[in-house]
4 protein chains.
Amino acid sequence: MRTRATSQYRAELRERIIQSAVENFAKKGFDKTRMEDIAASCGLAKGTLYLYFKSKEDLFFALCEYNLEQLRNQLSRLFSKKENIMSDAERFYDEYRRASLGADTIWFEMIALSTRNPKLRKILAENQNKVYQAVKEFLKAQIERGFFREDIDVDAIAAGLIALYNGLATNKLLLQTSNSESQRVWTETIRAIIGAASSKQ
Amino acid sequence: MRTRATSQYRAELRERIIQSAVENFAKKGFDKTRMEDIAASCGLAKGTLYLYFKSKEDLFFALCEYNLEQLRNQLSRLFSKKENIMSDAERFYDEYRRASLGADTIWFEMIALSTRNPKLRKILAENQNKVYQAVKEFLKAQIERGFFREDIDVDAIAAGLIALYNGLATNKLLLQTSNSESQRVWTETIRAIIGAASSKQ
Amino acid sequence: MRTRATSQYRAELRERIIQSAVENFAKKGFDKTRMEDIAASCGLAKGTLYLYFKSKEDLFFALCEYNLEQLRNQLSRLFSKKENIMSDAERFYDEYRRASLGADTIWFEMIALSTRNPKLRKILAENQNKVYQAVKEFLKAQIERGFFREDIDVDAIAAGLIALYNGLATNKLLLQTSNSESQRVWTETIRAIIGAASSKQ
Amino acid sequence: MRTRATSQYRAELRERIIQSAVENFAKKGFDKTRMEDIAASCGLAKGTLYLYFKSKEDLFFALCEYNLEQLRNQLSRLFSKKENIMSDAERFYDEYRRASLGADTIWFEMIALSTRNPKLRKILAENQNKVYQAVKEFLKAQIERGFFREDIDVDAIAAGLIALYNGLATNKLLLQTSNSESQRVWTETIRAIIGAASSKQ
DNA sequence: CATGAATGAGCATTCATTCAT
DNA sequence: CATGAATGAATGCTCATTCAT
């Protein structure tokens, strides 16, 4: 408590609150989570949250931005690598899982909410677009290096890969597949897509 | 009006209530929608809803089942056809759009809620599994007929196709792509997957 | 409870709530009075109040209007009489007291609040103006009938009488004078004013 | 700045806080004014106020005493003068206005609160009594000097004058009369009262 | 069957006050 | 002396649900 006034301290506490919020929202959803729950989770008093976030909704936005940044980093990191795409893809699932630990619920809630909340929709759209651009750049690079055929529909394939990625989260919940199965789905499907686009044959 | 008590009448009113609920939930989300809103939407009094559904949650379940049945029919219809898969795929987008008109929001809300509600999770999982089985049967049939290679990972590809399908709903919201673009994404990606699995080469 | 839906029933309940609100606001003031207190006072649940008044502030407004109407009736009745003004004045204090039973506190709170609330200010101003006009009409009538001199400043005297009336409420609280004393103050002061204006001398 | 701890410094700061409190209470009322608002108004931190006043209520009391002293001085000054009462009265309105600049709201709030707060009631009552005595002394002096008739009801007239004075504050708000009109009301009414009491006729 | 008045649990938010620095 | 981060009690309002009509 010595460093209370530091901006460093404030930033850390802010992050701690977000972490607690993630845990709670993931467990109970936005509406069923009470500000008091979140406060208790990080050993603070209810009122303290309001020193860091203007409202419950504001906290949720901050949480979204925080989460999205992590996802973005993870995905663009994967696709920016110059190495063999398949070996990367195989390594992908573990990272994928780690980043979204328990946050799947929130992810769907975010999307649902975004259809009614322009502010949130904007954040999500911007985020998704960044990823979209990164994937497209990756595909173009592969073409230039002669690994992919020149006539593939880059935009469509990029969007398709993202859809696959997004869809895996849904599958995970709805088909309740085991982790290893999930990994195989991703690898095999991506292999199919990449294989078809590949110019090696 | 003498026949009001008919079970036919009851069934119809029940459905009308579900329709109103869909509209309202889609517009405002589950929590922000009040029972009174739904009642007003179909010209009934608040209390009347409770003659048809035990609770707000119960109404939401009924709505989910109703929606899922439609989706299931649509998807399994597509994959049960013995004809050329690609021509079907190209026809797919329109049906896809029609079925999910305005209900995308509810779809994500359903998924989010299902992570906390075992009863709903069960309904969703069963539903998704039926579709999964249908897709697998379809793939196996293609192999038997010699259209697909024998060594493809049927389970993974089936799950991948479903992920792609699910992911398209997410893309639609997050990338805000136009309809024609969305259609192309689906067609091209499926073409890539199918093409790779194809034994024609 | 048989007549629940009647508009008569609704009107009566509305009035009962206002009565309870008066008691509570008078005892504890606007801010210290909780909606629950008021509800309990008339044997209702908190939520029921909101079926009759949109908010706590709305209830306060309704209360103000109700109170003002009573005061207005009382005062204008007094000044519209064609008889001897002094005997009326002497009878005045009892009526005055009866109408403001326990509501003095609210009266001051209303005035204080009106300085920050345009809506309330308007109600109060309109009300006071009606009384002002009534008093002026009365004075003019007295002049016409030859009881008052023609050169008196009708506007000023009317405003003065009202100030005296309003000031008595303040005196009552601040000088804590007995009822009989209060009555004498009113009678004597009015006698002085009237006497000075009188043309009989 | 070395002399900060001086009692002189403390007294001045205390007064500055009261001034800020007056401004804030006048603008927003007691309940809607936050300690932080007051602190900000005089460039202090929230916590600092508590070094000078035990609580928000305590601050309000101090403010009342401060205000009352000013009013008392003003009124008793007026009535203690041995000169012509009418010329004084005519001069009165300007002083009256100056003293109550923006503080009318607080005045009514004080009165309303006093009905529930014995401590405040006591302060207000003592204050008003001092004024009452001063006015009575003045009237008696006028009688002794032969300016007023001997049979006037000194107590009642004194209380009446005070009621008139108090009532003017109410009128000012409720009739929203212009300044010049307000002045005329006071002068004319007092002239009527004094005239009636006068023995000159 | 249908109604809608009444209920009351539930929660976000505010702000006076404290106290470690 | 001064600060302002942290506290947590307090309360207005909403809305799912019930039930007398």
Side-chain angles (χ1 to χ4, degrees), chain A residues 1-6 9-10 13 31-40 43-59, chain B residues 1 4-6 9-10 13 31-40 43-59, chain C residues 1-6 9-10 13 31-40 43-59, chain D residues 1 4-6 9-10 13 31-40 43-59:
Chain A
M1 294 293 169
R2 175 168 314 255
T3 45
R4 243 207 247 176
T6 317
Y9 169 83
R10 281 189 62 85
L13 187 45
D31 282 283
K32 290 266 172 64
T33 297
R34 297 173 307 144
M35 288 301 264
E36 189 151 23
D37 297 333
I38 299 172
L44 293 173
K46 226 179 333 176
T48 309
L49 301 189
Y50 289 87
L51 297 177
Y52 293 84
F53 303 94
K54 216 174 59 217
S55 66
K56 191 183 178 184
E57 204 188 41
D58 192 49
L59 171 53
Chain B
M1 292 302 163
R4 269 199 184 181
T6 316
Y9 171 82
R10 280 190 61 87
L13 189 45
D31 279 282
K32 290 263 173 67
T33 296
R34 299 171 307 144
M35 289 300 265
E36 188 151 23
D37 297 333
I38 299 172
L44 294 172
K46 235 181 325 177
T48 309
L49 301 189
Y50 288 85
L51 298 175
Y52 292 84
F53 301 94
K54 216 177 62 212
S55 68
K56 190 184 180 185
E57 205 187 41
D58 193 49
L59 170 54
Chain C
M1 293 295 169
R2 174 170 313 255
T3 46
R4 245 208 246 174
T6 318
Y9 169 81
R10 282 190 61 85
L13 187 46
D31 281 284
K32 291 267 172 62
T33 297
R34 297 172 309 145
M35 287 302 265
E36 190 151 24
D37 297 334
I38 298 172
L44 293 172
K46 225 183 331 176
T48 309
L49 301 190
Y50 289 86
L51 297 177
Y52 292 84
F53 303 94
K54 216 173 59 217
S55 66
K56 190 183 178 185
E57 204 188 39
D58 192 49
L59 170 53
Chain D
M1 291 303 161
R4 268 198 185 182
T6 317
Y9 171 83
R10 281 190 61 87
L13 189 46
D31 279 283
K32 290 263 173 67
T33 297
R34 299 172 307 145
M35 289 301 264
E36 188 151 23
D37 297 333
I38 299 171
L44 293 172
K46 236 182 323 177
T48 310
L49 301 189
Y50 288 85
L51 299 175
Y52 292 84
F53 302 94
K54 214 175 62 211
S55 67
K56 191 183 178 185
E57 205 187 40
D58 193 49
L59 170 54

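Residue numbering restarts at 1 for every chain, and letters A, B, ... go by the order of the sequence lines. None of the values given here were measured: they were computed from a predicted structure. No hydrogens, no waters, no symmetry mates; every other heavy atom, side chains included, goes into these values.
Among dC1(E), dT7(F), dG4(F), the nucleotide with an atom closest to any side-chain atom of A45(A) is dT7(F). Closest to the side chain of M35(A), from the set dT13(E), dA16(E), dT17(F), is dT13(E).
Both T48(B) and D31(A) lie near DNA chain E, and the one whose nearest nucleotide falls closer to the 5' end is T48(B). Each of E36(C) and L13(A) was assigned the nucleotide of DNA chain F with the nearest heavy atom; the assignment lying further toward the 5' end belongs to L13(A). Map G43(B) and K54(A) each onto its nearest nucleotide of DNA chain E; the residue landing nearer the 5' end is G43(B).
Side-chain N/O atoms of Y50(C) include none lying less than 4.0 angstrom from OP1 or OP2 on dG8(E). Under 4.0 angstrom from either OP1 or OP2 of dG4(F) there lies no side-chain N or O belonging to Y9(A). Contact annotation: Y52(B) reaches the phosphate of dA2(E) (side-chain N/O to OP1 or OP2, under 4.0 Å).
One can place NZ of K56(B) at 19 Å from P of dA9(E), the figure rounded to the nearest angstrom. In this entry the distance linking CD1 of I38(C) with C1' of dT11(F) reads 12 Å, nearest Å. Atom NZ of K46(A) and atom P of dG8(F) are 10 Å apart (whole Å). dT14(E) atom P lies 11 Å from atom CG of L51(A), rounded to whole Å. Taking atom CG on L49(B) and atom P on dC1(E), their separation rounds to 15 Å, with Å as the unit. Taking atom CG on D58(A) and atom P on dA12(E), their separation rounds to 14 Å, with Å as the unit. Between the P atom of dA9(F) and the CZ atom of R34(C) lies a distance of 15 Å, rounded to the nearest Å. Note: NZ (K32(A)) to C1' (dA9(E)) measures 14 Å, nearest angstrom.
The nucleotide dA6(E) finds its pairing partner in dT17(F), both defining distances of the Watson-Crick or G-U wobble pair being shorter than 3.5 Å. Across all strands shown, dC1(E) has no partner, as no Watson-Crick or G-U wobble contact with both distances under 3.5 Å is found.
Residues L44(A) and L13(A) are in side-chain contact: their nearest non-hydrogen atoms beyond the backbone lie under 4.5 Å apart. Between R34(B) and D37(B), the closest side-chain pair of non-hydrogen atoms falls below 4.5 Å.
To the nearest 0.5 Å, atom CG of residue L59(C) and atom OH of residue Y50(C) are 9.0 Å apart.
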